[in-house]
Amino acid sequence: NLADGRPWTIVVDKLAPKKPGFIAKEVAFLKQFTTKKIKATVPAPALLGERMWDPEKSSSAYPTREAFVSDCVPILRNEVELLCAEGVSIIQIDDPYLCLFVDDDVRSQYDNADHAADFAVAMDNDVADAIQGAKSAVHLCRRAGARVRGDAQHEGGYGPILGQLANLNVDHVTMEFTAPGSGDMSVFRRLPEHIEVGLGCVSCQPGQVDSPETIVERVEMALKYLAPERITLNPDCGFAPGSAAVVNVDEVYQKLKNEVEAAR
């Protein structure tokens, strides 16, 4: 466990799917309560590698992190195929790991940072390739550092990973822009034109409730670089800046109401 009691899982044996379809079961449950479009999310393979592979404790099963990450792909593809069969509208691969490479300090810890980022994208594409009949998306998380689950801020604009983002074989990429140090929205000019942008324009920090007017201002900044049909409105990183955050559900509901009002 971490110092604050949160569990931390480390792989010590070869992977095998135990209960395939547990995410699809959540979708089946949700469909009882709504006829609206449903988005389901799966973790990026490289994110699992960052959080679950340990050079000592995992070495007997997986001598390298990349070997473990590669073994995650078929299991995630199976989950994606079951989600497609359940009829979801969007399947999103959550990849906080890729955004670590915007940070010069993080990049300096790798022999070849671009190789590591390219590998993460290749693994995302392998999972996305299994998405049929649903929109594919990748979420880039700025606040919740993959290395320590939200306990560190990783500064820097998206510039250093724009080459990798252009190689994502997906329909939609969510990018956060309320976090300090997220950089300039002019990076949108360098994204492939077929990619929609889920614009992170609502703060996920507890106690910070953005007004509809503030959200509209952020979207208008993005409209300088993107056609309106390419933009959807998103909160930054879901509902919280990390798994240790204390989140008020009523506050989150108000944020989403403000986001809908801003979209209108």
Side-chain angles (χ1 to χ4, degrees), residues 1-26 40-83 91-131 138-154 160-161 164 167-170 237-238 242-244:
N1 284 7
L2 297 176
D4 60 9
R6 285 176 288 160
W8 193 273
T9 304
I10 293 174
V11 62
V12 294
D13 205 348
K14 285 285 188 181
L15 291 181
K18 295 290 193 293
K19 295 180 180 178
F22 70 97
I23 310 175
K25 287 177 184 173
E26 294 181 353
T41 62
V42 298
L47 171 63
L48 295 177
E50 181 70 16
R51 290 192 175 173
M52 296 179 67
W53 184 84
D54 181 271
E56 294 179 6
K57 296 175 182 176
S58 305
S59 60
S60 60
Y62 294 103
T64 67
R65 190 191 307 272
E66 290 192 354
F68 168 64
V69 170
S70 297
D71 243 13
C72 291
V73 169
I75 294 173
L76 290 168
R77 282 177 60 93
N78 188 25
E79 293 300 322
V80 162
E81 288 163 356
L82 294 168
L83 284 169
I91 298 175
Q92 177 173 288
I93 301 165
D94 287 331
D95 197 347
Y97 175 75
L98 188 55
C99 262
L100 288 174
F101 294 99
V102 305
D103 189 311
D104 288 338
D105 288 341
V106 172
R107 295 181 71 87
S108 69
Q109 296 169 31
Y110 286 81
D111 292 335
N112 188 332
D114 279 328
H115 171 79
D118 288 340
F119 177 72
V121 167
M123 297 298 99
D124 287 343
N125 286 342
D126 281 352
V127 175
D129 186 54
I131 299 174
V138 166
H139 165 57
L140 302 173
C141 180
R142 298 304 304 272
R143 290 188 182 275
R147 206 170 283 280
V148 284
R149 289 196 179 177
D151 300 328
Q153 297 288 338
H154 293 287
I161 60 169
Q164 280 80 20
N167 289 328
L168 283 170
N169 188 23
V170 294
C237 201
S243 59

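Sequential numbering from 1 along the given sequence is applied to the chain's residues.
A distance of 10.0 Å separates CD of Gln92 from CD1 of Ile131, quoted to the nearest 0.5 Å. From Leu98, atom CG reaches atom NE2 of His139 across 11.5 Å, with rounding to the nearest 0.5 Å. Taking CG of Asp94 as the reference point, atom CG of Leu48 lies at 10.5 Å (rounded to 0.5 Å). With rounding to the nearest 0.5 Å, the separation of CG in Leu140 from CG in Leu168 is 7.0 Å. Atom CG of residue Leu100 and atom CG of residue Asp95 lie 9.0 Å apart, to the nearest 0.5 angstrom. With values rounded to the nearest 0.5 angstrom, Asp114 atom CG is found 9.0 Å from Phe101 atom CZ.
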Self-check item: Test side-chain contact (heavy atoms from CB on, under 4.5 Å) applied to Cys141 and Cys237, step by step
Solution: CA-CA 6 Å; Cys141 180; Cys237 201; 3.1 Å; yes
Cut-off 3.5 Å, no hydrogens considered: what does the side-chain donor-acceptor table look like for residues 66-83, sequence neighbours left out?
| unit_1 | atom_1 | unit_2 | atom_2 | d |
| --- | --- | --- | --- | --- |
| Glu66 | OE2 | His115 | NE2 | 3.4 |
| Ser70 | OG | Glu66 | O | 3.0 |
| Asp71 | OD2 | Tyr62 | OH | 2.4 |
| Arg77 | NH1 | Asp126 | O | 2.6 |
| Glu79 | OE1 | Gly21 | N | 3.1 |
| Glu79 | OE2 | Gly21 | N | 3.0 |

Tabulate below the donor-acceptor pairs under 3.5 Å that side-chain atoms of residues 116-125 make, not counting sequence neighbours, or state none.
| unit_1 | atom_1 | unit_2 | atom_2 | d |
| --- | --- | --- | --- | --- |
| Asp118 | OD1 | Gln164 | NE2 | 2.9 |
| Asn125 | OD1 | Asn169 | N | 2.7 |
| Asn125 | ND2 | Asn167 | O | 3.0 |

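The backbone N or O of Gly49 lies less than 3.5 Å from a partner atom in the side chain of Arg65, making a donor-acceptor pair. Distance alone, capped at 3.5 Å, is enough to place a donor-acceptor pair between the Ser58 side chain and the Val11 backbone.
The nearest pair of heavy atoms linking Pro63 to Trp53 is O-CZ2, 3.5 Å.
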